[in-house]
A.B. asks: 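Can you keep this structure in mind? I'll have questions shortly.
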Amino acid sequence: MKKIVILFAATAAALLLCAAGNEHLKAYVVDYRVNVDGETQEIESKIVNIDGTTYVPLREFADMVGMEVYWNSEEEKVSLFTKAEKEEFPEDNWIAKNVNGKVTYVDKDGSVMLETDYKYRDYKTAEFHNGFAIVSNGKTEGIINAEGEVVIPFGKYRDVDWIYEGMVAVTNEAGTSSPHYGFADLSGNLVIPYKYAWTSHFSEGVCAVSEEDYTECYFIDKTGRKVFGRKTFFSASSFSEGYCVVIVEDKEETKWIPQKFRYIDHTGEFATDEIYDYAMDFSNGTAYVVKDGREMMIDTNFEVVEYLDEE
């Protein structure tokens with residue numbers, strides 16, 4: 001279990017006056033640090049103290065302590081889940097830290113695994129995925145491996161995004177306008193042309209893409225060929241443990257509002273008749289779903305293993 005301590009600094013950077021109805025609150029931007037398992041970590045976003053209660057940025061704080069965040073907008077409720085340990089690529093578990101403006105990677109015990117001269121932008125940008133990480137030289141982005149070697153040069157592409165299964169989502173070459181996504185390999189060669197307005201990332205050999213931003217999406221393989229008999233969905237996640245979450249339209253509701261979540265298998269067919277209000281990817285054999293207002297964990301047979309809203 002992680003031991004978490006918030007360290008209080010003596011200074012408050014700014015005073016804000018907030019009005020909530022007829023009530024006035026005093027809010028200070030404060031300089032606090034977080035101690036996780038004996039190691040002090042700085043939160044990049046601002047921390048605010050309102051009338052003696054401290055508020056921290058939840059997603060950044062959760063990432064520090066190995067948790068994932070899900071926000072249910074309909075119920076205005078936040079859920080936290082423990083991240084699964086990544087074993088195939090140990091460097092994917094490294095934490096990207098800001099050390100004097102440069103990216104330094106440490107393991108979960110705080111030992112330095114890799115020091116770099118690259119600019120620190122944010123911890124998400126610099127995370128390792130499948131053994132590679134996106135870094136910045138201050139102007140453009142490139143990709144490094146776990147030894148710190150550049151595998152895709154800075155400036156070759158306008159933006160570098162997902163890195164999964166040897167496929168890198170990139171946008172039009174630096175200097176061009178109207179960015180669209182294509183895919184490069186880890187030698188930097190463009191292997192799937194620019195044509196997508198939106199893309200997920202490759203997982204289990206396929207990837208969800210859209211040529212018109214969020215109007216419909218379909219799946220491609222690593223050659224760019226459409227798969228699953230050209231089936232389309234409103235939107236989709238990425239495959240995990242043999243299944244993928246897709247969003248389907250509710251024909252009785254407004255077309256542009258995603259209504260229902262379902263799972264498909266590698267044939268592109270629905271893997272279950274169950275339809276959910278919300279669904280997350282499978283991890284370690286279970287997935288979080290919401291159905292008829294109830295939160296639960298299901299297994300890969302789509303059976304409920306635990307209700308999360310029971311007292």
A.B. asks: Using the test salt bridge (Lys or Arg N to Asp or Glu O under 4.0 Å), find all partners of D281 that sit at least two apart in sequence or belong to another chain.
C.D. replies: none
A.B. asks: Using modelled atom types and a 3.5 Å cut-off, is there a donor and acceptor pairing between side-chain atoms of S210 and backbone atoms of W198?
C.D. replies: no
A.B. asks: Is the CG atom of N189 crowded by more than 12 outside heavy atoms at less than 6.0 Å?
C.D. replies: yes
A.B. asks: Using side chain to side chain contact (heavy atoms under 4.5 Å, CB included) as the criterion, list what pairs up with N145, not counting sequence neighbours.
C.D. replies: F132, E147, E149, V151
A.B. asks: Treating Ile, Leu, Val, Met, Phe, Trp and Tyr as nodes and any side-chain heavy-atom pair under 4.5 angstrom as an edge, say whether V245 and L308 lie in one connected cluster.
C.D. replies: yes
A.B. asks: Donor-acceptor pair, D107 side chain versus D109 backbone, under 3.5 Å?
C.D. replies: yes
A.B. asks: Start with the C-alpha gap between V150 and V135, add the side-chain angles, then the distance that decides, and say whether side-chain contact (heavy atoms from CB on, under 4.5 Å) holds.
C.D. replies: CA-CA 9 Å; V150 175; V135 291; over 6 Å; no
A.B. asks: Are the side chain of S238 and the backbone of S200 linked by a donor-acceptor contact shorter than 3.5 Å?
C.D. replies: no
A.B. asks: Nearest 0.5 Å, please: how far is NZ in K222 from CE in M167?
C.D. replies: 6.5 Å
A.B. asks: Quick check: closest heavy atoms across A133 and Y105, and the distance to 0.1 Å?
C.D. replies: CB-OH, 3.6 Å
A.B. asks: Looking at every heavy atom in both H180 and Y194, which two are closest together, and how far apart are they?
C.D. replies: O-CD2, 3.3 Å
A.B. asks: Nearest 0.5 Å, please: how far is CE in M296 from CD in E303?
C.D. replies: 12.0 Å
A.B. asks: Under the ring-ring contact (aromatic ring centres under 6.0 Å, His included) rule, what do Y263 and F302 come out as? Steps first, then yes or no, please.
C.D. replies: CA-CA 9 Å; Y263 288 93; F302 305 100; 5.5 Å; yes
A.B. asks: Using 0.5 Å steps for rounding, measure from the CZ atom of F270 to the CD1 atom of I264.
C.D. replies: 8.0 Å
A.B. asks: Going hydrophobic residue to hydrophobic residue with side-chain gaps under 4.5 angstrom, can you get from V103 over to V99?
C.D. replies: no
A.B. asks: How long is the straight-line distance from CG of N301 back to OG1 of T272, given to the nearest 0.5 Å?
C.D. replies: 10.0 Å
A.B. asks: A side-chain contact here means heavy atoms from C-beta on lying under 4.5 Å apart; do E295 and Y307 qualify?
C.D. replies: no
A.B. asks: Output yes when a side-chain donor or acceptor of E127 lies under 3.5 Å from a complementary backbone atom of A96, and no otherwise.
C.D. replies: no
A.B. asks: Work out which heavy atom in C217 is nearest to a heavy atom in A208; give both atom names and the distance.
C.D. replies: SG-CB, 4.5 Å
A.B. asks: Which residue is it: F219, F239, F183, W162? I am looking for the one with a ring-ring contact (aromatic ring centres under 6.0 Å, His included) to F202.
C.D. replies: F183
A.B. asks: Check C207 against T199 and note the closest heavy-atom contact, atom names and distance.
C.D. replies: SG-OG1, 3.3 Å
A.B. asks: Between F261 and I247, does a side-chain contact (heavy atoms from CB on, under 4.5 Å) hold up when you go through it step by step?
C.D. replies: CA-CA 5 Å; F261 292 72; I247 301 176; 3.7 Å; yes
A.B. asks: If the plane angle is over 60° it's perpendicular, under 30° parallel, otherwise tilted; pick one for F128 and W94.
C.D. replies: perpendicular
A.B. asks: Looking at every heavy atom in both V168 and L186, which two are closest together, and how far apart are they?
C.D. replies: CG2-CD2, 3.7 Å
A.B. asks: State, to 0.1 Å, how close Y243 and A271 come at their nearest heavy-atom pair, and which atoms those are.
C.D. replies: CE2-CB, 3.4 Å
A.B. asks: In Å, rounded to the nearest 0.5 Å, how long is the span from CG of D292 to CD1 of I275?
C.D. replies: 10.5 Å
A.B. asks: Side chains of T223 and D221: any donor to acceptor distance under 3.5 Å?
C.D. replies: yes
A.B. asks: Counting distance only, does the side-chain N/O of Y157 pair as donor-acceptor with the main-chain N or O of G188 below 3.5 Å?
C.D. replies: yes
A.B. asks: Using salt bridge (Lys or Arg N to Asp or Glu O under 4.0 Å) as the criterion, list what pairs up with E274, not counting sequence neighbours.
C.D. replies: K291
A.B. asks: Residues in side-chain hydrogen bond (donor to acceptor under 3.5 Å, both in side chains) with Y164, at least two apart?
C.D. replies: H129
A.B. asks: Short question: side chain of S203, backbone of S240 - any donor-acceptor pair under 3.5 Å?
C.D. replies: no
A.B. asks: Just wondering, do K260 and Y276 contact through their side chains at under 4.5 Å, heavy atoms?
C.D. replies: no
A.B. asks: Can you sort out the partners of K102 under salt bridge (Lys or Arg N to Asp or Glu O under 4.0 Å), two or more places apart, ordered by chain and number?
C.D. replies: none
A.B. asks: Do T300 and F282 come close enough that some side-chain heavy atom pair is under 4.5 Å?
C.D. replies: yes
A.B. asks: Angle class for the H266/F228 ring planes (parallel below 30°, perpendicular above 60°, tilted otherwise)?
C.D. replies: perpendicular
A.B. asks: Distance-only, no hydrogens or angles: does the E165 side chain make a donor-acceptor pair with backbone N or O of G205 under 3.5 Å?
C.D. replies: yes
A.B. asks: With distance as the sole test, does E141 use its side chain to make a donor-acceptor pair with the main-chain N or O of D159 at under 3.5 Å?
C.D. replies: no
A.B. asks: Are side-chain heavy atoms of V209 and Y218 found at a separation under 4.5 Å?
C.D. replies: yes
A.B. asks: To the nearest 0.5 Å, what is the distance between CD1 (I152) and CD1 (I144)?
C.D. replies: 12.0 Å
A.B. asks: Using the salt bridge (Lys or Arg N to Asp or Glu O under 4.0 Å) criterion, which residues pair with K226? Sequence neighbours excluded.
C.D. replies: none
